[in-house]
Amino acid sequence: MSDPSTFESQLAAIGLFLDRDIAAPEDAVPPAVAGQMMSVRPGDSRSEAWVDLQDPLLHEKGNADWYRLSVAHGLFEEDDPTFFIALQQPDAESPSRWTCVTLRDPWDMMGKGAAGILGSGHGRPEFLALSRDGNVLCCGSTSQSSIGTVVVTSPERQEVLQRFARYLSIADVGYPESRAAAKRWLESTE
C-alpha cells in the first residue's frame with residue numbers, strides 16, 4: 001500500500017475516517033506489544049465474544065459483538081466513536097502505528113474491513129485497536145473455528161504485556177522504533 005489516498009479510501013470504504021489531528025499518547029502501549037493481548041488470561045480485565053465460522057450471520061454478529069464490547073469497555077463512546085487502530089502506514093517501511101480513526105455509518109469491520117486492511121479475508125478479522133486514553137485494547141481475531149472480539153483493559157497492569165515489552169526493548173528483533181516504544185511504555189508504567 002503506497003498511495004495515501006488509496007489508504008484513506010480503503011478505510012472510508014469500511015466506515016473509518018482518519019483524524020490526523022489526534023496522536024496516540026506518547027506512552028501508549030505500542031502495537032508490537034499490544035499484539036500479545038491474546039495471551040492475557042480471561043478474567044476481570046479480559047472480555048471476549050466469539051462467533052462460529054459456520055454461522056450464516058458471521059460478520060453481522062461479529063460486528064455487533066465488536067461494537068457492543070467496544071462501547072461497554074471504553075474503546076470509544078457511542079456519541080464519539082473515535083479510537084486508534086494499528087495500521088501499517090502507506091509509503092513507509094516501519095512498524096504499524098496507532099492511527100486515529102472515527103467510525104461512521106455504514107461501517108463493517110468484520111466483513112469488508114477484514115477483506116481489506118483489517119484482516120486476511122471477508123469475515124476473517126485481524127486488527128488491533130486502542131482507546132484514546134490508552135486504557136483499553138481491543139482486537140478482532142480469527143481462530144480455527146470462529147471469529148471474535150477480545151478486549152483487555154488496563155494494559156499497563158498485564159504481566160504478559162510487560163514481560164513481552166521487556167523482551168522487545170532489549171532484543172535485536174523487529175523494528176528499532178518498536179524497541180524504543182516498548183522501552184518508553186515500560187518506563188511510563190513504573
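Given the structure is predicted, the values throughout are model-derived calculations rather than measurements.
- Residues Ser47 and His73 meet the side-chain proximity criterion, which asks for heavy atoms closer than 4.5 Å.
- Across every non-hydrogen atom of Arg104 and Phe17, the tightest pair is NH1-CG, 3.5 Å.
- Shown here for Asp80 and Arg132, the closest heavy-atom pair between the two residues is OD2-NH1, 3.4 Å.
- Expressed to the nearest 0.5 Å, how far CZ of Phe127 lies from OG of Ser96 amounts to 13.5 Å.
- Rounding to the nearest 0.5 angstrom, the gap separating the OG1 atom in Thr82 from the CG atom in Leu75 is 10.0 Å.
- Panel note: side chain His122, backbone Gly111; a donor-acceptor pair is recorded below 3.5 Å.
- Scanning both residues, Val160 and Ser39, for their nearest heavy atoms gives CG2-CB, 3.6 Å.
- Salt-bridge check for Arg46 with Glu48: passed, with a basic side-chain N closer than 4.0 Å to an acidic carboxylate O.
- One N or O on the side chain of Glu126 and one on the backbone of Thr142 form a donor-acceptor pair closer than 3.5 Å.
- The nearest pair of heavy atoms linking Ala28 to Leu130 is CB-CD2, 3.8 Å.
- Taking NZ of Lys61 as the reference point, atom OG of Ser146 lies at 12.5 Å (rounded to 0.5 Å).
- A 4.5 Å side-chain heavy-atom check between Leu118 and Ile85 finds at least one atom pair inside the cut-off.
- Remark: the backbone N or O of Thr153 is paired with a side-chain donor or acceptor of Gln158 at under 3.5 angstrom.
- Aromatic ring orientation, Trp107 versus Tyr67: parallel (interplanar angle below 30°, classes split at 30° and 60°).
- The shortest non-hydrogen separation linking Cys139 to Leu128 is CB-CD2, 3.9 Å.
- Within the 4.5 Å cutoff, the side chain of Thr149 has heavy atoms near those of the Cys138 side chain.
- Looking at Glu159 and Arg166, a side-chain N of the basic residue comes within less than 4.0 Å of a carboxylate O on the acidic one, giving a salt bridge.
- Transitive grouping of hydrophobic side chains (ILVMFWY, heavy atoms separated by less than 4.5 Å) brings Trp50 and Val152 into a common cluster.
- Environment of CZ in Arg157: sparse, with no more than 12 heavy atoms of neighbouring residues, nucleotides or ligands closer than 6.0 Å.
- Within the 4.5 Å cutoff, the side chain of Val71 has no heavy atoms near those of the Glu77 side chain.
- Side-chain contact between Leu168 and Ser178 is present, with heavy atoms from C-beta onward closer than 4.5 Å.
- Separation of atoms CG (Leu137) and OG (Ser45) is listed at 10.5 Å; rounding is to 0.5 Å.
- Checked for salt-bridge contact, Arg184 and Asp27 miss the test: no charged N lies under 4.0 Å from a carboxylate O.
- In this structure, Glu8 contributes its side chain and Leu18 its backbone to no donor-acceptor pair below 3.5 Å.
- In terms of heavy atoms, Leu58 sits closest to Asp52 at CD1-O, 3.4 Å.
- Put simply, the side chain of Arg179 reaches to within 4.5 Å of the side chain of Asp172, judged on heavy atoms.
- With values rounded to the nearest 0.5 angstrom, Ser169 atom OG is found 10.5 Å from Phe164 atom CZ.
- Asn63 contributes a side-chain N or O that, together with a main-chain N or O of Met110, makes up a donor-acceptor pair within less than 3.5 Å.
- Side chains of Asp65 and Val51 form a contact here, defined as non-hydrogen atoms less than 4.5 Å apart.
- Atom CG of Leu16 sits about 5.0 Å away from atom CZ of Phe83, to the nearest 0.5 Å.
- Between the side chains of Glu187 and Trp185, no donor-acceptor pair of N or O atoms lies under 3.5 Å.
- Using a 4.5 Å heavy-atom cutoff, the side chains of His59 and Asp108 are in contact.
- Put simply, the residue from Asn135, Leu186, Val29 that forms a side chain to side chain contact (heavy atoms under 4.5 Å, CB included) with Glu156 is Asn135.
- Ring centroids of Phe76 and Trp66 are separated by less than 6.0 Å, placing the two rings close together.
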